[in-house]
Structures are given as structure tokens and as C-alpha cells.
Amino acid sequence: RIDPRTGKLYLSMIFDWYKDDFTSSGGTVQKFLAPYFAGELRSDLQRNAYQIEYLPYDWSLNEDRGR
């Protein structure tokens with residue numbers, strides 16, 4: 001979730017836990033995400049314009065719902 005009004009980027013904790021995987025090419029998490037957006041938002045992400053807040057991970061997503 002991105003809130004341009006407050007300048008905050010809300011991401012899953014996975015981006016924090018595996019930060020090295022997203023930044024291994026010398027970039028930042030925001031620069032990793034930038035190509036998936038267009039226009040001003042892409043530019044803002046490329047400049048690391050947002051403060052990142054990591055959201056709690058929802059472990060229930062891993063539960064087997066087929067039972």
C-alpha cells in the first residue's frame with residue numbers, strides 16, 4: 001500500500017526479511033519495486049521518496065485450507 005499523502009510505503013515483512021534478495025544489485029527495495037509502477041509514482045520510488053513501514057506477516061496464508 002502506498003500513501004502519497006503521508007509519504008509512506010507499507011510492505012509485507014517479507015521485503016524486510018529478504019531485503020538482501022531485493023537489493024543485491026546495489027539498489028533499494030523502492031528501486032526494486034519502481035519498474036512495476038508508472039509515471040510519478042515510479043519516479044518517486046526510484047528516488048526513495050517514501051518511508052517504508054513493514055506490515056505484520058499473515059501466517060494464516062500458509063495454512064492448508066483444503067482440509
To the nearest 0.5 Å, tell me how far Thr6 OG1 sits from Lys8 NZ. 6.0 Å
Under the rule for salt bridge (Lys or Arg N to Asp or Glu O under 4.0 Å), what residues qualify as partners of Asp21, not counting sequence neighbours? none
Going by side-chain heavy atoms closer than 4.5 Å, which hydrophobic residues are tied to Ile14, directly or by a chain of links? Ile2, Leu9, Leu11, Met13, Phe15, Trp17, Tyr18, Phe22, Val29, Phe32, Leu33, Tyr36, Phe37, Leu41, Leu45, Tyr50, Ile52, Tyr54, Tyr57, Trp59
Please give me the minimum heavy-atom distance between Lys31 and Asn48, naming the atom from each residue. CE-ND2, 3.7 Å
Enter the distance from Glu53:CD to Asp3:CG here, rounded to the nearest 0.5 Å. 10.0 Å
Salt bridge (Lys or Arg N to Asp or Glu O under 4.0 Å) with Arg42: which residues, sequence neighbours excluded? none
